[in-house]
**Q** 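The structure is given below, and queries will be raised subsequently.
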Amino acid sequence: MTAPVFVLDPLVVPDFSGGEVVLDGPEGRHAVSVKRLRPGEDVILTDGRGRWAEGVVRAAEGKDRLVVTGLQSVHEEPPPRPRITVVQALPKGDRGEVAVETMTEVGVDVIVPWQAARCITQWKGDRGLKALGKWRATAREAGKQSRRVRFPQVADAATTKQVAALLAGADLAAVLHSDFEHGSEPLAQVPLPTEGEIVLVVGPEGGVARDEVALFEEAGAKAYTLGPTVMRTSTAGTAAAALLLGRTGRWS
């Protein structure tokens with residue numbers, strides 16, 4: 001298992017051998033009081049955008065101050081190919097954060113909240129901004145927990161027309177649609193690109209509305225199923241992303 005990951009943004013490594021930095025505030029508190037790191041343990045510092053550096057704990061001071069030494073250089077993880085974007089319809093309650101957490105863990109690159117026609121949850125005004133902030137905080141914490149150095153981007157909430165525009169520019173545009181009379185194809189059998197971007201749309205609990213499906217198909221998307229069963233919206237995106245990550249070779 002890799003060393004635990006902490007965020008240092010901007011990620012600046014001192015320009016002398018054995019460079020030393022201090023983690024304080026929430027990151028330092030998490031390292032010292034929650035993870036209980038001790039001198040000699042390895043850590044990884046990242047900006048969450050692919051840049052990272054390895055270091056060793058020199059000291060844990062108080063409740064929220066971690067001194068990291070041995071930093072030599074900054075590495076950069078290349079952007080993944082193909083990039084996987086999941087458009088996630090807004091679930092009820094805390095299921096949105098559950099979806100973001102598990103999609104982050106499996107390796108999704110971009111998460112787009114979508115106010116679909118059949119969504120019960122509504123993101124409006126301050127409530128919407130607060131909910132978006134929770135999704136972004138969840139992605140950051142799940143990125144650290146799963147030891148990623150490139151965290152997923154959580155975009156602003158999108159309208160149906162904006163989702164259609166995303167699909168129009170994708171190298172593979174897919175809509176999970178469990179209306180078996182619609183003629184949806186198995187996602188497990190679709191040919192996948194090796195470059196570019198895959199955009200996957202996950203509808204709400206009530207499913208993607210017919211006019212939404214029609215608009216997405218006009219944009220070049222096709223309807224797909226994951227199998228003979230129907231998954232909850234907070235589960236489907238993670239399951240579909242895992243399938244795609246395995247088939248594209250990103251898990252190899």
Side-chain angles (χ1 to χ4, degrees), residues 1-81 83-86 94 96-111 130-155 234 237-238 241-242 245-246 248-252:
M1 182 178 289
T2 59
V5 172
F6 298 92
V7 176
L8 182 65
D9 189 14
L11 182 60
V12 178
V13 172
D15 58 1
F16 55 87
S17 180
E20 182 174 285
V21 298
V22 174
L23 280 180
D24 52 17
E27 288 297 290
R29 187 175 305 110
H30 183 70
V32 175
S33 298
V34 179
K35 300 294 288 187
R36 298 184 181 276
L37 295 182
R38 295 292 180 262
E41 294 189 69
D42 296 329
V43 295
I44 292 176
L45 305 181
T46 181
D47 62 2
R49 297 186 294 276
R51 301 178 75 246
W52 60 279
E54 295 176 285
V56 179
V57 176
R58 182 179 70 75
E61 302 171 346
K63 295 182 179 180
D64 61 358
R65 194 171 190 272
L66 192 79
V67 183
V68 179
T69 190
L71 299 162
Q72 300 290 340
S73 60
V74 175
H75 310 278
E76 184 149 4
E77 180 180 275
R81 299 180 301 179
R83 189 169 80 156
I84 296 179
T85 294
V86 176
D94 63 356
E97 288 97 280
V98 172
V100 171
E101 180 178 56
T102 54
M103 285 192 285
T104 299
E105 290 173 3
V106 299
V108 170
D109 305 300
V110 182
I111 300 169
K130 183 178 179 179
L132 179 61
K134 285 184 177 180
W135 281 35
R136 287 174 171 163
T138 298
R140 173 188 167 105
E141 293 308 309
K144 290 162 53 180
Q145 185 277 329
S146 55
R147 305 195 176 182
R148 293 177 60 168
V149 295
R150 187 180 291 276
F151 302 162
Q153 172 193 351
V154 179
S234 54
T238 300
L245 286 159
T248 57
R250 283 182 49 180
W251 276 7
S252 299

**Q** For a 4.5 angstrom cut-off between non-hydrogen side-chain atoms, does Leu45 reach Leu71?
**A** yes
**Q** Below 4.5 Å, heavy atoms only, C-beta onward: do Phe6 and Val68 meet side chain to side chain?
**A** no
**Q** With rounding to the nearest 0.5 angstrom, report the CZ to CD distance, Arg148 to Glu77.
**A** 8.0 Å
**Q** If you compare all heavy atoms of Leu37 against all heavy atoms of Ala60, which two are closest, and at what distance to 0.1 Å?
**A** O-CB, 3.7 Å
**Q** With Thr138, which residues qualify under side-chain hydrogen bond (donor to acceptor under 3.5 Å, both in side chains), at least two apart?
**A** none
**Q** Do the non-hydrogen side-chain atoms of Arg58 and Val56 ever get within less than 4.5 Å of each other?
**A** no
**Q** Between Arg51 (side chain) and Leu11 (backbone), is there a donor-acceptor pair under 3.5 Å?
**A** yes
**Q** Quick one, Glu101 and Gln145 - any side-chain contact, counting heavy atoms below 4.5 Å?
**A** no
**Q** Contact between Asp109 and Ile84 at the side-chain level, heavy atoms closer than 4.5 Å - yes or no?
**A** yes
**Q** Between atom OG1 of Thr238 and atom CG of Leu245, what is the distance when rounded to the nearest 0.5 Å?
**A** 10.5 Å
**Q** Test your reading of the model: is there a side-chain donor-acceptor pair from Arg136 to the backbone of Val154, 3.5 Å cut-off?
**A** yes
**Q** Taking only Lys NZ, Arg NE, NH1 and NH2, and the carboxylate oxygens of Asp or Glu, determine whether Asp94 and Lys134 approach each other closer than 4.0 Å.
**A** no
**Q** Is any side-chain heavy atom of Trp135 less than 4.5 Å from a side-chain heavy atom of Glu97?
**A** yes
**Q** Where do Ser234 and Thr102 come nearest, in terms of heavy atoms and distance?
**A** O-OG1, 4.4 Å
**Q** Looking only at non-hydrogen atoms, find the nearest pair between Val5 and Arg147 and report the distance.
**A** CG2-CA, 3.7 Å
**Q** Over all heavy atoms of both residues, which pair between Pro79 and Arg150 is shortest? Give the atoms and the distance, please.
**A** N-NH2, 3.8 Å
**Q** If a pair satisfies side-chain hydrogen bond (donor to acceptor under 3.5 Å, both in side chains) and one of its residues is in residues 23-47, list it, with sequence neighbours excluded.
**A** Glu27-Arg140, Glu27-Lys144
**Q** For a quick test of reading the model, state the closest non-hydrogen atom pair linking Val32 to Gly62 and the distance between them.
**A** CG1-O, 3.4 Å
**Q** How far apart are the closest heavy atoms of Ala142 and Ser146, and which atoms are they?
**A** O-OG, 2.6 Å
**Q** Taking the side chain as C-beta and beyond, is there a heavy-atom pair between Met103 and Pro152 under 4.5 Å?
**A** no
